[in-house]
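Structure record follows, encoded as structure tokens.
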There are 2 protein chains.
Amino acid sequence: MNIDKSLLSGSYGMMILSLLKEREKYGYQMINELALRSDDTFKMKEGTLYPILHSMEKQGYVESFEKKTDGGRVRRYYRITKKGLKALEEKKAMWKEYLSKVNAVMEPKPLESRG
Amino acid sequence: MNIDKSLLSGSYGMMILSLLKEREKYGYQMINELALRSDDTFKMKEGTLYPILHSMEKQGYVESFEKKTDGGRVRRYYRITKKGLKALEEKKAMWKEYLSKVNAVMEPKPLESRG
DNA sequence: TCCTATACATAGATTATCTATGTATAATAT
DNA sequence: ATATTATACATAGATAATCTATGTATAGGA
């Protein structure tokens, strides 16, 4: 299925922080993990990811450092900060709230069963 | 809770078609129902709704007609078409797919339990 | 040696939504 | 009667998230 890209809006940030909560990762790796775990539903472009990472670093949600591979290639790793962990929890709470409200609109409770 | 507006992206269309599936409605009414059912989480602006309705009409998802109230006020009602019903089903399928993929990214299955 | 995958990056386009504003009428309060 | 507020539709321009397109550079395999 080819999902409307507009649906993605806003959830990419949450997903990236979630990936980084597991362990520190570099950009290209995050793109690949997103594709792998979502069966290619989320094929994030570099032009999407790097600006997000840079902005998150500026906000203090992640910090980055360079690391060399055995082959000599330099990678920029990102690590989630305490502030980023807090932001992730907030984003997840918002996400749940959002889902429940969409559900409430699409499947309204009959009057007699409302709080 | 104040939800990131970017999360809304793309789901408004689905919610509007869903409201219209119940019965024909006019614009202002949809705005109010969205707010009521979502406990004011979705406070859609006219500047958002009317362009969406016009575009949906152009796409053939809805058709509209004017109706007079007892008071003499003229309202423009919208009615979902067959094409719109089909579009709604597609949007709902995409929505479910999207939710399940976000979930798969955020809570990856351990290797041994993957299909 | 050439091609592909890896790796990071930026500029500009696209699109959904918002803010702001405008017009007009009905209902309500003073 | 008159003023205010809610209703009702509408458009223009701003904002922000993502995309497309492009660039640079290196590693690894054919």
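Below, read A as the first sequence line, B as the second, and so on, with proteins coming before strands; counting in each chain starts at 1. Remember, predicted model here, so these are calculated numbers, not experimental data.
As rounded to whole Å, 15 Å separates atom C1' of D/dC9 from atom CE of B/Met44. Atom CD1 of B/Ile52 is separated from atom P of D/dT11 by 14 Å (rounded to the nearest Å). Rounded to a whole Å, the NZ atom of A/Lys58 is 14 Å from the P atom of C/dA9. Atom CG of B/Leu53 is separated from atom P of D/dA8 by 14 Å (rounded to the nearest Å). Rounded to whole Å, atom P of C/dT6 lies 17 Å from atom NZ of A/Lys25. B/Lys67 places its NZ atom 19 Å from the C1' atom of C/dT25, with the value rounded to the nearest Å. At whole-Å resolution of the value, CE in B/Met14 and P in C/dT17 are 11 Å apart. The nearest whole Å value for the distance from the CD atom in B/Glu46 to the P atom in D/dA12 is 16 Å.
With contacts defined as side-chain heavy-atom distances shorter than 4.5 Å, the pair A/Phe65/A/Tyr78 does not qualify. Taking the side chain as every heavy atom from C-beta outward, A/Val62 and A/Arg79 never approach each other to under 4.5 Å.
Side-chain N/O atoms of B/Tyr28 include none lying less than 4.0 angstrom from OP1 or OP2 on D/dC9. Considering only side-chain N and O atoms, A/Lys45 lies nowhere under 4.0 angstrom from the phosphate OP1 or OP2 of D/dC19. Checking the phosphate oxygens (OP1, OP2) of D/dC9, no side-chain nitrogen or oxygen of B/His54 falls inside 4.0 Å. Phosphate proximity of D/dA10 to B/Tyr50: absent, as no side-chain N or O sits under 4.0 Å from OP1 or OP2.
Among the atoms of the strands shown, none is found under 4.0 Å from any heavy atom of A/Leu49. Residue contacts shown for A/Gly10 are limited to sugar-phosphate atoms, with no base heavy atom under 4.0 Å away. Within the nucleic acid shown, B/Gly27 comes within 4.0 Å of sugar-phosphate atoms alone, with no base atom in reach, counting heavy atoms only. When heavy atoms are screened at a 4.0 angstrom cut-off, B/Arg76 is found touching the sugar-phosphate backbone but no base atom.
At a threshold of 4.0 Å, the pair A/Lys101-A/Glu107 does not count as salt-bridged, since none of the basic side-chain nitrogens sits closer than that to a carboxylate oxygen.
Of the two residues near DNA chain D, A/Arg73 and A/Gly13, the one whose nearest nucleotide lies more 5' is A/Gly13. Residue whose closest nucleotide on DNA chain D sits further toward the 5' end, between A/Gly72 and B/Pro51: B/Pro51.
In the set C/dT17, D/dA8, C/dA7, the nucleotide with an atom closest to the side chain of B/Arg75 is D/dA8.
Figure legend: cation-pi geometry between A/Lys83 and A/Tyr61 absent, as NZ or CZ is not positioned both under 6.0 Å from the six-membered ring centre and within 45° of its axis.
Here the side chain of A/Lys43 pairs no donor or acceptor atom with the backbone of A/Ala35 at under 3.5 angstrom.
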